[in-house]
Amino acid sequence: MKRTALTKQAPHPWPFSHGTIIEGPGKLVFLAGQVAYDRQGPDRKLVGPGDPAAQVRQAIENMRTLLRQAGGDLADIVEMTAYVTDVSLMEAMGRVAQEYFTDPLPAMSLIGVRELARPDFLVEIRAIAAIDRARRRPQRRATGSRRRRRR
């Protein structure tokens, strides 16, 4: 199997990428915890300080961006873990997530934590996606001539 990293974050005290792709017949994409930064790099800004709904929305949009780099989208997520600093905000955050996810829904764990990597972070979401290569192939148009398969 081939392993590829997505959008390396450097310099950083921890060696990590924002995601890992494992390729075989399909792709498994492991996304590191996504927070509400609007972009990568030193000039990034936190979206929605003090606003849990805005932070969830930005974290999910960041997951979408990374999955598109891997050839997938949010519908490919099979498992998510959300870490929240206040579980009483679960309902407001869940309403935002419902805007993005439909059946079949990914498995989900919600974990209340005392704090995240930065004091302004209210939520961090990690995810695993399974991208089916066959499903992602563009449909070929039928041509005038057909070949018969030998049996």
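If you chain together hydrophobic residues whose side chains sit under 4.5 Å apart, V123 and V113 never meet in one group. When the side chains of ILVMFWY residues are joined at heavy-atom separations under 4.5 Å, either directly or via intervening members, V84 and F101 end up in a single hydrophobic cluster. Y37 and Y83 end up in the same hydrophobic cluster when Ile, Leu, Val, Met, Phe, Trp and Tyr side chains are linked at under 4.5 Å. No single ILVMFWY cluster, assembled from side-chain heavy atoms under 4.5 Å apart, contains both F121 and V87. Residues Y100 and M90 share a single hydrophobic cluster, defined by chaining ILVMFWY side chains whose heavy atoms lie under 4.5 Å apart.
Between the side chain of D76 and the main chain of D132, no donor-acceptor pair closer than 3.5 Å is present. D38 contributes no side-chain N or O that, together with a main-chain N or O of V47, makes up a donor-acceptor pair within less than 3.5 Å.
To the nearest 0.5 Å, atom CZ of residue F30 and atom CD1 of residue I128 are 5.0 Å apart. For the atom pair D51 CG and L89 CG, the distance stands at 10.0 Å (nearest 0.5 Å). Between atom CD of residue E79 and atom CG of residue L31 there is a gap of 10.5 Å, rounded to the nearest 0.5 Å. Rounded to the nearest 0.5 Å, atoms CD1 (I125) and CE (M108) are 6.5 Å apart. Between I77 atom CD1 and M63 atom CE the span is 3.5 Å, to the nearest 0.5 Å. Rounded to the nearest 0.5 angstrom, T81 OG1 and R126 CZ are separated by 4.5 Å.
Closest of all the heavy-atom pairs between A53 and V96 is CB-CG2, 3.6 Å. Shortest non-hydrogen contact noted between A70 and V29 is CB-CG2, 3.8 Å. Closest approach of G50 to Q55, counting heavy atoms only: N-NE2, 3.9 Å. Here the shortest heavy-atom pairing between A130 and V78 reads CB-CG1, 4.1 Å. Among all heavy-atom pairs drawn from A54 and G48, the shortest one is CB-CA, 3.8 Å.
Side-chain contact between L67 and L74 is present, with at least one heavy-atom pair separated by less than 4.5 Å. Within the 4.5 Å cutoff, side-chain heavy atoms of L66 are placed close to those of Q34. For the pair L46 and Q58, the minimum side-chain heavy-atom distance is 4.5 Å or more.
D43 pairs by the salt bridge (Lys or Arg N to Asp or Glu O under 4.0 Å) definition with R39, not counting sequence neighbours. Applying the salt bridge (Lys or Arg N to Asp or Glu O under 4.0 Å) criterion to R64, with sequence neighbours excluded, gives E61, D73.
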